[in-house]
Asker: 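The following block contains the structure, expressed as structure tokens.
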Amino acid sequence: MTHTEALALVAEAVELDPSALAPEMRISDIEDWSSLTWLTLMSLVDEKLNTQLSAKEIKSFSTVGDVLAWLESKALAA
Amino acid sequence: MTPHEGGDRVPASAYLTAIARALPEAIVTNADLQAENPDWDLSRIGGKTGIAARHIAGPDETASDLGFQAASRLFEAMPEARATVDYLLFCSQSPDYVLPTTACLLQDRLGLSTDCGALDFNQGCSGYVYGLNLAQALIVSGQARSVLLITAETYSKLIHPRDRSVRVLFGDAATASLITGEPGGARIGATVLGTDGSGARHLMVPAGGGRQPSCAATKAETTDEHGMTRTLEHLYMDGQELFLFTLKRIPELVSATLARARLSADDVRWFVFHQANAFMNTHLRTKLHIPAERAPMYLETVGNTVSNTIPLTLHHAGGDFQPGHRVMCVGFGVGYSWGACVLDWDTVRMV
């Protein structure tokens with residue numbers, strides 16, 4: 001998926017405007033980013049990309065850019 | 001237990017005849033949890049989980065007490081059933097004692113025949129499907145004529161009060177179901193079971209059993225990186241891992257059960273999923289293209305009650321089920337363990 005699509009997906013999960021997010025932001029610094037955000041992102045990834053974002057992958061992410069890079073490496077489901 | 005004697009015909013099928021339930025009196029609402037834990041942000045949690053309140057067992061109230069209540073209600077409504085029960089199955093992860101078997105205590109307390117088989121089995125969210133499957137096997141093999149299946153759980157006693165991740169989800173409850181070979185209830189049809197013990201560590205109480213006996217160290221409180229406090233003797237759940245397991249495994253389970261029953265999804269009128277939480281259940285249902293009106297949810301006032309969720313949802317929504325409808329029950333969770341079965345619905349008595 002494109003950078004813009006990935007950013008929109010992350011913004012939807014964290015319930016923020018895409019303009020409020022930047023790749024260099026540390027996830028732990030984003031107040032609105034909770035455990036529910038991850039579950040929502042897992043759900044959106046399953047729905048839109050027809051693949052699963054694993055708990056192991058989630059643990060490896062530290063910045064918004066890490067999440068965007070992972071999403072951008074995946075193709076949208078047909 | 002008396003196996004069928006010579007000349008008796010062994011039933012070709014087993015039927016779920018009646019379901020009774022028991023919920024503890026005490027209710028804990030999200031507002032109660034918020035007042036008790038001012039530092040928790042519960043503003044969005046109710047919307048996501050679909051849970052507003054849960055019933056919690058009293059300090060001296062055990063799972064078998066709740067199971068006794070549910071079974072007693074069943075026998076009040078169907079007094080003739082008490083003497084006919086010749087097998088008691090008790091599904092719980094909260095036994096009264098390490099030993100003896102809780103089902104033996106319940107045989108006596110319920111006044112069941114001493115010719116009755118009685119067995120505990122330790123399963124969680126897949127437990128009701130397992131219970132129906134075992135009951136069916138006992139009946140169609142001629143080993144039992146009338147099986148009382150009790151599910152009873154008090155996870156609240158395993159939850160640390162400062163562990164929000166599980167405290168907002170789980171509630172206590174019990175149900176009692178009667179399964180016989182007499183046609184007229186819901187015929188227990190195709191069943192598929194599965195297990196993946198590699199996921200065991202993601203939903204467990206690590207200490208207090210044989211592997212890690214209770215000691216001072218297992219009673220020490222720790223607070224994890226998410227601010228959740230518990231000891232090794234409390235329930236631990238990795239919500240992400242459980243969600244991942246559900247996404248990967250349960251659509252496959254539904255397909256396999258449809259295939260075994262030689263049905264398409266449209267042939268099944270009702271899908272009764274284990275009620276984990278509204279977020280997970282809605283996602284699962286959407287992924288399977290099942291409309292909301294065919295997948296009843298019963299979470300708001302009871303929460304996730306482990307092996308009780310499926311019979312509680314049948315009890316809650318079964319009034320809409322008509323003779324001739326097919327119902328798929330789908331259980332999944334701790335173990336990992338999963339199972340699904342098709343019921344050919346006729347008239348099931350809800351007590």
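Numbers restart at 1 for each chain; the letters A, B, ... are given by sequence-line order, proteins then strands. Bear in mind that the values here come from a model prediction, so they are computed numbers and not experimental data.
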Asker: Are there more than 12 heavy atoms of other residues, nucleotides or ligands under 6.0 Å from atom CD of B/E300?
Answerer: no
Asker: Can you tell me how far the NZ atom of B/K48 sits from the OG atom of A/S34, to the nearest 0.5 Å?
Answerer: 8.0 Å
Asker: What part of A/T40 lies closer than 4.5 angstrom to a heavy atom of chain B: side chain, backbone, both or neither?
Answerer: both
Asker: Is the shortest side-chain heavy-atom distance between B/K287 and A/E47 below 4.5 Å?
Answerer: no
Asker: Taking all heavy atoms of A/M42 and all of B/Q240, pick out the closest pair and write down the distance.
Answerer: CE-O, 3.3 Å
Asker: Is chain A contacted by the side chain of B/D41, its backbone, both, or neither, given a heavy-atom distance below 4.5 Å?
Answerer: neither
Asker: Is it true that B/R44 and A/D32 have a side-chain N and a carboxylate O under 4.0 angstrom from each other?
Answerer: no
Asker: Answer with side chain, backbone, both or neither: which region of A/I58 has an atom nearer than 4.5 Å to a non-hydrogen atom of chain B?
Answerer: side chain
Asker: More than 12 non-hydrogen atoms from neighbouring residues, nucleotides or ligands closer than 6.0 Å to NZ on A/K59, yes or no?
Answerer: yes
Asker: At a heavy-atom separation under 4.5 Å, does B/H226 approach chain A through its side chain, its backbone, both, or neither?
Answerer: neither
Asker: On a heavy-atom basis, which atom in A/S43 and which in B/F279 lie closest, and how many Å separate them?
Answerer: CB-CZ, 3.7 Å
Asker: Are B/K248 and A/D46 close enough, and set up right, to give a salt bridge (Lys or Arg N to Asp or Glu O under 4.0 Å), and what steps lead you there?
Answerer: CA-CA 10 Å; B/K248 283 185 164 171; A/D46 185 54; over 6 Å; no
Asker: With side chains defined as the heavy atoms from C-beta onward, is the minimum distance between A/L53 and B/L244 less than 4.5 Å?
Answerer: no
